[in-house]
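The model shown is predicted, which means the values in this text are computed figures rather than measured ones. All residue numbers in this chain count up from 1 along the given sequence.
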Amino acid sequence: MQLNQALKEWAIAVNALEAGETILLLRKGGIRERGGRFSVPYREVLLYPTYEHQKPDLLKPEYADRVTPVESGWHPERIAIGSWAEVTDILPMTLETEAIAADLMAQLQPYHIWSDRMVSDRLKWKPRQPLYLLLLRTHKLSVPRDIPYRQEYGGCRSWISLSETISLSDSTPVLADAEYRDRCDRIRQICTSV
């Protein structure tokens with residue numbers, strides 16, 4: 001199997017997914033999403049690391065020191081693609097009150113890498129739109145690919161099509177089946193209890 005569709009995410013988050021430290025991403029979508037709303041057009045995607053908007057204060061302390069902020073518009077000349085993921089769950093959360101949002105985020109806190117400020121900012125941005133919790137089953141590529149940066153990969157959007165396809169042959173899941181199922185079950189339970 002080969003893929004050329006990619007999900008753009010902060011490099012620190014891609015690293016955490018690849019290390020099995022998280023399976024959870026929180027999304028409202030980029031500025032340039034189709035129709036101005038977030039959607040998940042692909043269930044299997046390459047993970048494309050980005051650097052421009054990473055800020056240490058938007059991460060939990062244990063992740064903050066792993067990030068070096070870069071200037072707006074900066075990107076590496078080559079992008080290392082080391083993994084792909086199955087988007088197994090899309091959990092849209094419409095949070096009617098701040099109390100409900102605070103309760104949900106407190107319960108989900110152990111399952112993601114973001115600071116409380118980042119989560120609060122995501123919830124407040126476009127408040128009428130749901131916050132999407134994406135659960136990703138990440139797989140490491142047997143041989144990471146180093147691809148050239150292209151202008152069309154830039155911009156604030158979640159999904160891009162790479163100019164080349166990348167083979168998924170011999171890739172391996174980061175987490176064992178039972179561990180991944182257990183984490184998904186715990187996150188789903190939190191989401192349905194709020």
Side-chain angles (χ1 to χ4, degrees), residues 1 3-30 33-50 58-60 63 81-97 100-116 118-141 157-161 166 168 171-194:
M1 184 168 147
L3 284 177
N4 78 320
Q5 303 302 325
L7 170 61
K8 293 174 63 177
E9 184 55 80
W10 287 5
I12 188 70
V14 171
N15 292 341
L17 288 163
E18 291 176 348
E21 296 169 357
T22 189
I23 65 167
L24 174 62
L25 295 180
L26 307 174
R27 299 304 282 249
K28 280 231 180 158
E33 300 292 345
R34 281 189 204 147
R37 300 187 71 88
F38 182 74
S39 65
V40 180
Y42 314 105
R43 289 299 194 122
E44 295 178 336
V45 291
L46 297 161
L47 296 176
Y48 182 100
T50 64
L58 299 179
L59 297 161
K60 290 179 183 175
Y63 294 96
I81 305 290
S83 59
W84 68 280
E86 302 169 66
V87 181
T88 62
D89 292 74
I90 305 164
L91 306 168
M93 304 303 296
T94 305
L95 307 168
E96 290 90 25
T97 68
I100 291 172
D103 182 45
L104 175 69
M105 291 304 117
Q107 291 184 58
L108 289 174
Q109 204 272 345
Y111 299 100
H112 62 77
I113 68 169
W114 316 109
S115 69
D116 291 341
M118 171 68 157
V119 174
S120 176
D121 288 352
R122 286 258 169 111
L123 286 168
K124 290 175 184 173
W125 188 65
K126 296 185 178 182
R128 293 187 182 145
Q129 293 186 18
L131 176 67
Y132 291 90
L133 283 60
L134 303 182
L135 304 185
L136 279 71
R137 178 84 192 268
T138 303
H139 303 256
K140 293 277 289 206
L141 297 177
R157 54 195 158 139
S158 300
W159 312 98
I160 58 172
S161 295
I166 294 178
L168 309 182
S171 59
T172 54
V174 169
L175 298 173
D177 292 346
E179 174 67 16
Y180 186 76
R181 275 194 310 270
D182 182 56
R183 290 193 198 182
C184 286
D185 289 346
R186 284 184 269 153
I187 292 169
R188 288 184 202 117
Q189 185 175 27
I190 291 167
C191 292
T192 56
S193 69
V194 176

### Any donor-acceptor pair under 3.5 Å from Thr22 side chain to Tyr111 backbone
yes

### Task
Please round to the nearest 0.5 Å and tell me the distance separating atom CG of Leu108 and atom CZ of Arg186.
12.0 Å

### Task
Locate the shortest heavy-atom distance separating Pro110 from Gln107; write the atom from each residue and the value.
CD-O, 3.4 Å

### Task
Report yes if some heavy atom in the side chain of Leu131 is under 4.5 Å from a heavy atom in the side chain of Arg122; otherwise report no.
yes

#### Entry: Heavy-atom closest contact (Val119 atom, Trp114 atom, distance)
CG2-CB, 3.9 Å

#### Entry: Nearest atoms (heavy-atom pairs only) where Val14 meets Pro49
CG2-CA, 4.1 Å

### Summary
OG of Ser115 to NZ of Lys60, rounded to nearest 0.5 Å, is 10.0 Å

### Task
May I ask you to decide if Arg188's main-chain N or O and Thr192's side chain share a donor-acceptor pair within less than 3.5 Å?
yes

## Note on the structure
Rounded to the nearest 0.5 Å, the CG atom of Asn4 sits from the CG atom of Leu46 at a distance of 7.5 Å

### Query
Taking atom CD1 of Ile166 and atom CE of Met1, what is their separation to the nearest 0.5 Å?
12.5 Å

### Query
Are any of the side-chain heavy atoms of His139 and Pro173 separated by less than 4.5 Å?
yes

### Message
Testing the basics here: between Leu136 and Ala85, what is the closest heavy-atom pair and its distance to 0.1 Å?
### Response
CD2-CB, 3.7 Å

### Query
Is there side-chain contact between Asp89 and Leu133, with at least one heavy-atom pair below 4.5 Å?
no

### Task
Taking all heavy atoms of Lys28 and all of Gln129, pick out the closest pair and write down the distance.
NZ-O, 3.3 Å

### Task
Would you check, one step at a time, whether the test side chain to side chain contact (heavy atoms under 4.5 Å, CB included) holds for Trp84 with Leu141?
CA-CA 7 Å; Trp84 68 280; Leu141 297 177; 3.8 Å; yes

### Query
What distance separates Leu135 CG from Ile23 CD1, expressed to the nearest 0.5 Å?
5.0 Å

### Message
Applying side chain to side chain contact (heavy atoms under 4.5 Å, CB included) to Glu44 and Leu3, what does each step give before you reach the verdict?
### Response
CA-CA 8 Å; Glu44 295 178 336; Leu3 284 177; 4.3 Å; yes

### Query
Side chain of Trp159, backbone of Ser39: donor and acceptor closer than 3.5 Å?
yes

### Query
Distance-only, no hydrogens or angles: does the Tyr180 side chain make a donor-acceptor pair with backbone N or O of Arg137 under 3.5 Å?
yes

### Query
Is the backbone N or O of Glu86 less than 3.5 Å from a side-chain atom of Arg43, with the two atoms forming a donor-acceptor pair by type?
no

### Task
Indicate yes or no for a side-chain donor-acceptor contact from Lys8 to the backbone of Ile160 under 3.5 Å, with no hydrogens or angles considered.
no

### Summary
One should read off an interatomic distance between Met105 CE and Met118 CE, to the nearest 0.5 angstrom, of 12.0 Å

### Query
Does the pair Cys184 and Thr88 meet the rule for a side chain to side chain contact (heavy atoms under 4.5 Å, CB included), with working shown?
CA-CA 9 Å; Cys184 286; Thr88 62; 4.2 Å; yes

### Query
Hey, are the side chains of Trp10 and Ile113 touching, using non-hydrogen atoms and a 4.5 Å cut-off?
no

### Task
List the steps and the verdict of side chain to side chain contact (heavy atoms under 4.5 Å, CB included) for Ile90 and Leu134.
CA-CA 5 Å; Ile90 305 164; Leu134 303 182; 4.0 Å; yes

### Message
I need the minimum non-hydrogen distance between Cys191 and Met93, along with the two atoms involved.
### Response
O-CE, 3.7 Å

### Query
Do we see a donor-acceptor contact under 3.5 Å between the side chains of Gln189 and Asp185?
no

